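What follows is a set of notes on a single structure, which appears directly below.
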2 protein chains.
Amino acid sequence: MAQDRRPAGRSERRAAGERKPREERWAQLLEVATQVFYEKGYDGASLQDIADRLGMLKGSLYYYIQSKEDLLFEVISEVHREGYAVVRAAAASEGDPLDRLERTIRAHVEHACRNLVPTAVFLHELEALPTARREEILGSGHAYQGVFRDLVAEAQNEGLARPDVDPRVAGLSILGSTNWVYRWFRADGPSTPEEIAAQLAAMAVHGVATADALVAREAAVGA
Amino acid sequence: MAQDRRPAGRSERRAAGERKPREERWAQLLEVATQVFYEKGYDGASLQDIADRLGMLKGSLYYYIQSKEDLLFEVISEVHREGYAVVRAAAASEGDPLDRLERTIRAHVEHACRNLVPTAVFLHELEALPTARREEILGSGHAYQGVFRDLVAEAQNEGLARPDVDPRVAGLSILGSTNWVYRWFRADGPSTPEEIAAQLAAMAVHGVATADALVAREAAVGA
DNA sequence: CGGGCAACCTAACGACCGTATGGTGGTCGG
DNA sequence: CCGACCACCATACGGTCGTTAGGTTGCCCG
């Protein structure tokens, strides 16, 4: 069996698509794996697919990894680390809770749009990881959700958000609308990431804010 | 090989877990398939898994189906038909666009909460279907999104929604927040489907409505 | 009481999966 | 110029996958 697939024109040692140093290949491997997981899903993707695109044999991948699962873990881990850092930074910035909420949503959406493929893999294939490794990435709590929930709760405490909204549900609503963008955003579409981010942020802020707070915000913009 | 798995205590013709008439078994098959796809994903699930839970052998499934893909198609097709009908009915009901938007969101969320598993399979595994069969289900347009987008646009035309919101993005935002519930709703959680639906609907309405329209709505409730 | 059909079973097919093991060519420091 | 080592190749294993073809049972109808 000529390594499962590939014509394998007898033993002329294969076309040998350039040898590369380890670090460079590793980065390339992660990129290719991300793309393949995006296109076929984790279970649907095979190491063969990935190796093919790298111009090597699937067995050779084990020079870089211990198992297929390692690849998914690495891909997801990387994008989550980045995204979570971006969101936390925005949430901890200056200003009143509504301002920070708006900035956080925008940062989150813009990051998702600009890292569409890894984000999609993260959101779609996270549950393909065994529980232990999943929690190694997420931490034990619901990190993302918590950021939005806390910002809404804070706004509520300062009288900027309507008292009848449940911060928990509000946080999940925001998370849903922002995490949905990977399903419809297209770089060649009619809207830029910034425009979309601004729209989603504005809707969310209007969704939770009191009428008074909204009036105050418009006045501040006008000033 | 004793049909791949199962101890198979020699040939005593297997425990024979009750024979059932076709229609009943077919319903049971769909239910089991839905559950298994939910737990393992379409690619991760095997016909063996499904057959095991039905107490039959995987080959016997082909008495009911032509291929594994048929199962996914049937499952997704059913839940989509139901859900879309519910949403369209609510969108076509009486009242001004904001009222109808609110009712539509509530109907959508309540339906999703009460059909959590099929909904999850629909949203998660839809893209596992080949394009042709996917469009057979969805129709060629973006049906769900269109309903929400049109309601927002209608509200805008009547001066009930803020002119600076993009109905397209607003529709997708609403779709995102409502389609996200399958990821966090638990029947044994602190909130009922109705409460969650009401919260999400209220946030969405506040997210797009003008200040005047909101005042008018509160007055109407008070009356 | 016998024939037929519905609802399965039995058994196997070829393909492909992730993974292990040992080899092998080129490159580079000494 | 030589040996070591890096980045792969070659090959194969055991297993599982979806799918097929033909058999077997029990119930129903006449």
Side-chain angles (χ1 to χ4, degrees), chain A residues 1-29 32-33 36-37 40-73 128-130, chain B residues 1-29 32-33 36-37 40-73 128-130:
Chain A
M1 194 205 310
Q3 154 70 253
D4 293 7
R5 222 175 288 175
R6 290 196 155 259
R10 288 324 281 137
S11 59
E12 77 268 8
R13 203 119 217 72
R14 106 187 301 268
E18 38 180 339
R19 261 166 117 83
K20 292 196 178 180
R22 179 160 201 147
E23 210 173 346
E24 191 176 337
R25 261 292 202 236
W26 171 244
Q28 200 184 31
L29 171 53
V32 167
V36 173
F37 289 159
K40 309 198 171 194
Y42 175 69
D43 282 310
S46 73
L47 294 180
Q48 188 82 45
D49 294 329
I50 294 171
D52 282 356
R53 281 191 213 196
L54 287 169
M56 52 201 255
L57 300 178
K58 63 173 180 174
S60 309
L61 295 177
Y62 283 78
Y63 179 66
Y64 297 94
I65 59 174
Q66 248 72 294
S67 73
K68 184 187 177 187
E69 192 194 291
D70 284 3
L71 273 177
L72 183 60
F73 177 79
L129 285 176
Chain B
M1 193 206 309
Q3 156 71 254
D4 293 8
R5 219 176 291 175
R6 290 196 156 259
R10 288 323 281 138
S11 59
E12 78 267 6
R13 203 119 216 75
R14 107 188 300 270
E18 38 180 340
R19 262 164 115 83
K20 292 197 178 180
R22 178 159 203 147
E23 208 173 348
E24 190 176 338
R25 262 289 203 240
W26 171 243
Q28 200 183 30
L29 171 52
V32 167
V36 173
F37 289 159
K40 310 199 172 192
Y42 175 69
D43 281 310
S46 74
L47 293 180
Q48 188 83 46
D49 295 329
I50 295 171
D52 281 357
R53 280 191 213 196
L54 287 169
M56 53 202 260
L57 300 177
K58 64 173 180 174
S60 308
L61 295 177
Y62 282 78
Y63 178 66
Y64 297 93
I65 59 174
Q66 249 71 291
S67 72
K68 183 188 178 187
E69 193 194 291
D70 284 3
L71 273 177
L72 183 60
F73 178 80
L129 284 176

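Each chain gets a letter, A, B and so on, in the order the sequences are listed, and its residues count up from 1. Just so it is clear, the model here is predicted, and its values are computed rather than measured.
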Mind calculating the distance between CD1 (I65(B)) and P (dG18(D)) to the nearest angstrom? 9 Å

Evaluate side-chain contact (heavy atoms from CB on, under 4.5 Å) for L47(B) paired with L71(B), printing each intermediate quantity in order. CA-CA 10 Å; L47(B) 293 180; L71(B) 273 177; 4.2 Å; yes

Using atom CH2 of W26(B) as one end and atom C1' of dC8(C) as the other, report the distance to the nearest whole Å. 16 Å

With rounding to the nearest 0.5 Å, note down the distance linking OG in S46(B) to CG in D52(B). 7.5 Å

Using the six-membered ring wherever Trp is involved, compare the ring planes of Y42(A) and F37(A) and label them parallel, tilted or perpendicular (cut-offs 30° and 60°). perpendicular

So, D49(A) side chain and A45(A) main chain: donor-acceptor pair closer than 3.5 Å or not? no

Within this structure, what is the CG-CE distance for the pair L29(B) and M56(B), rounded to the nearest 0.5 Å? 7.0 Å

What nucleotide, of dG18(C), dC9(C), dT19(D), holds the atom closest to the side chain of S67(B)? dT19(D)

When you measure from the side chain of K58(B), which nucleotide among dT19(C), dC9(D), dG18(D) comes out closest? dG18(D)

Between dT16(D) and S46(B), is there an OP1 or OP2 to side-chain N/O distance shorter than 4.0 Å? no

Could you state the atom-to-atom distance from OH of Y62(B) to C1' of dA7(C) in whole Å? 17 Å

Starting at CG of L47(B) and ending at C1' of dT16(D), how long is that distance when rounded to a whole Å? 12 Å

For nucleotides 3-6 of chain C, list the nitrogen or oxygen atoms of the protein found under 3.5 Å from its nitrogen or oxygen atoms, one pair per line.
from   : atom 1 : to     : atom 2 : distance (Å)
dA6(C) : N3     : R19(B) : NH2    : 3.4

Over how many whole Å does the gap from L71(A) atom CG to dT19(C) atom C1' extend? 13 Å

Testing dG18(D), dC8(C), dG18(C) for proximity to the side chain of K68(B), the answer is dG18(D)

Cation-pi check for Y62(B) against K68(B): NZ or CZ below 6.0 Å from the six-membered ring centre and within 45 degrees of the axis, yes or no? no

Is there a side-chain contact between R25(A) and the phosphate of dC6(D), meaning an N or O under 4.0 Å from OP1 or OP2? no

In whole Å, what is the span from the CG atom of D70(B) to the C1' atom of dG18(D)? 12 Å

Whole-Å gap separating P (dG18(D)) and CZ (F73(B)): 19 Å

Please state whether the phosphate of dA7(C), meaning OP1 or OP2, lies under 4.0 angstrom from any side-chain nitrogen or oxygen of Y64(B). no

Would you please name every residue forming a side-chain contact (heavy atoms from CB on, under 4.5 Å) with Q28(B), sequence neighbours left out? K20(B), R25(B), L54(B)

Could you state the CD1-P distance from I50(A) to dT19(C), rounded to the nearest angstrom? 11 Å

